[in-house]
Amino acid sequence: MAEKRNIFLIGPMGAGKSTIGRQLASQLHLDFIDSDHEIERRTGADISWVFDVEGEAGFRVREAEVIDDLTQEQGIVLATGGGSILSKESRNYLSARGVVVYLETTIDKQLVRTSRDKRRPLLQTDEPREVLETLADARNPLYEEIADFTVKTDEQSAKVVANQIIKLLDF
């Protein structure tokens, strides 16, 4: 794994990809990039607006382009959006261009971590648990398919998880 200079964090919303990614990048002296923030920077609008105007399909096209661009960088920690793995091309880019770490969490923990976050368009519903369960059924096999490592994040701080990842990567 030493030849791979990028670390890509995948997993569902609320798994801690951004928080853990910042911690990991800081400890390893790498650049941190959040793909959702990059989409917002490029469009000049927040994710919810892009979803409203272009729908999920339009957002996914933008997301795949950003994943392609960002995975070509070197020496980065990239926090991806939860649905970024829906694109076969994005899964290929992530898998081929860095070490992929699946941050695994439970539906219960996702509900706690996302309950007050209005910036998650897929959860703006009366039944967030059902949405998260449906997403997990579809996406968890894709996370597992491309993960080099899986780390559970439920009861641990970002610093502890970052340290676990560093040990796994033998950095």
Side-chain angles (χ1 to χ4, degrees), residues 1-48 50-51 56 58-105 110 113-114 117 119-122 135 139-154 156-171:
M1 293 297 162
E3 75 280 358
K4 294 184 177 181
R5 297 189 52 223
N6 294 323
I7 302 167
F8 304 136
L9 302 179
I10 62 170
M13 61 183 99
K17 296 180 300 288
S18 296
T19 304
I20 292 163
R22 281 187 201 89
Q23 181 70 231
L24 191 58
S26 174
Q27 289 186 43
L28 294 174
H29 307 290
L30 298 173
D31 292 329
F32 172 74
I33 304 171
D34 181 300
S35 65
D36 283 349
H37 292 158
E38 181 64 15
I39 292 167
E40 290 178 339
R41 188 188 70 73
R42 291 182 185 192
T43 61
D46 65 28
I47 298 296
S48 297
V50 175
F51 259 76
E56 185 174 358
F59 172 77
R60 296 295 173 208
V61 169
R62 288 183 183 275
E63 183 177 54
E65 291 170 2
V66 165
I67 295 294
D68 181 18
D69 290 347
L70 295 177
T71 57
Q72 294 181 60
E73 300 284 328
Q74 286 298 313
I76 65 166
V77 174
L78 174 64
T80 63
S84 63
I85 46 72
L86 294 172
S87 158
K88 176 74 170 155
E89 291 80 16
S90 292
R91 290 195 307 277
N92 289 340
Y93 297 144
L94 291 163
S95 183
R97 298 175 180 167
V99 177
V100 180
V101 180
Y102 169 22
L103 299 181
E104 189 177 46
T105 190
Q110 284 181 272
R113 292 176 178 163
T114 62
D117 189 345
R119 296 173 43 95
R120 299 183 186 269
L122 295 177
L135 292 174
R139 296 176 179 181
N140 288 355
L142 299 175
Y143 298 137
E144 292 166 4
E145 171 189 314
I146 65 167
D148 293 303
F149 301 101
T150 300
V151 179
K152 294 184 185 313
T153 66
D154 278 3
Q156 303 180 83
S157 71
K159 186 172 186 173
V160 167
V161 174
N163 286 334
Q164 286 179 343
I165 294 168
I166 290 168
K167 285 178 186 165
L168 286 169
L169 302 178
D170 197 26
F171 271 50

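Numbers here are sequence positions counted from 1.
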Distance check, rounded to the nearest 0.5 Å: Asp148 atom CG versus Ile165 atom CD1?
12.0 Å
Run the side-chain contact (heavy atoms from CB on, under 4.5 Å) test on Leu70 and Phe8 for me, step by step, so that the C-alpha distance in whole Å, both residues' side-chain angles and the decisive distance to 0.1 Å come before the verdict.
CA-CA 10 Å; Leu70 295 177; Phe8 304 136; over 6 Å; no
Would you mind reporting whether Ser87 and Tyr93 have side-chain heavy atoms less than 4.5 Å apart?
no
Could you tell me whether the side chain of Lys17 and the main chain of Gly11 form a donor-acceptor pair under 3.5 Å?
yes
What's the shortest heavy-atom distance between Thr71 and Ile67, and which atoms?
OG1-O, 2.8 Å
Could you tell me whether a side-chain N or O of Gln110 sits under 3.5 Å from a main-chain N or O of Met13, the two making a donor and an acceptor?
yes
N-O pairing of Glu65 and Arg62 below 4.0 Å
no
What are the two closest heavy atoms between Ala158 and Thr19, and how far apart are they?
CB-CG2, 3.7 Å
Do the side chain of Thr153 and the main chain of Ala15 share a donor and acceptor less than 3.5 angstrom apart?
yes
Taken to the nearest 0.5 Å, the spacing of Ser90 OG from Ile146 CD1 works out to 9.0 Å
For the backbone of Asp68 and the side chain of Gln72, can you confirm whether one donor and one acceptor N or O come within less than 3.5 Å of each other?
yes
Backbone N or O of Asn140 within a donor-acceptor pair of the Tyr102 side chain at under 3.5 Å?
no
Starting from the C-alpha separation in whole Å, work towards a yes-or-no answer on side-chain contact (heavy atoms from CB on, under 4.5 Å) for Asp154 and Glu104.
CA-CA 8 Å; Asp154 278 3; Glu104 189 177 46; over 6 Å; no
Can you check whether Arg22 reaches Ser18 side chain to side chain, under 4.5 Å on heavy atoms?
yes
Indicate yes or no for a side-chain donor-acceptor contact from Arg91 to the backbone of Ile85 under 3.5 Å, with no hydrogens or angles considered.
yes
Side-chain contact test, heavy atoms from C-beta onward, threshold under 4.5 Å: evaluate it for Val101 versus Ile20 and give yes or no.
no
With a 3.5 Å distance limit and no angle check, can you tell me whether Asn6 reaches the backbone of Ile76 through a side-chain donor-acceptor pair?
yes
Between CG on residue Leu78 and CG on residue Leu9, distance to nearest 0.5 Å
7.5 Å
Can you measure from NE2 (His37) to CG (Asp46) and round to the nearest 0.5 angstrom?
10.5 Å
Test log, rule side-chain contact (heavy atoms from CB on, under 4.5 Å), inputs Gln23 and Gln27:
CA-CA 6 Å; Gln23 181 70 231; Gln27 289 186 43; 2.9 Å; yes
Would Thr150 and Glu144 satisfy side-chain contact (heavy atoms from CB on, under 4.5 Å), going step by step from the backbone distance to the final call?
CA-CA 8 Å; Thr150 300; Glu144 292 166 4; 5.6 Å; no
Taking all non-hydrogen atoms of both residues into account, name the closest pair between Ala162 and Leu24 and its distance.
O-CD1, 3.6 Å
Look up atom CD in Gln74 and atom CG in Asp31, then write down how far apart they are to the nearest 0.5 Å.
11.5 Å
Could you check whether any side-chain heavy atom of Val99 comes within less than 4.5 Å of a side-chain heavy atom of Leu168, counting everything from C-beta outward?
no
NZ on Lys152 to CD on Gln164, rounded to 0.5 Å:
11.0 Å
Ignoring hydrogens and geometry, is there a side-chain-to-backbone donor-acceptor pair from Ser84 to Gly81 under 3.5 Å?
yes
In terms of heavy-atom contacts, Ala25 and Phe32 come closest through CB-CB, 3.6 Å
In short, Asp34 meets Asp36 closest at the heavy-atom pair OD1-N, 2.9 Å
Looking at Arg97 and Glu73, would you say the former's side chain and the latter's main chain have a donor-acceptor pair under 3.5 Å?
no
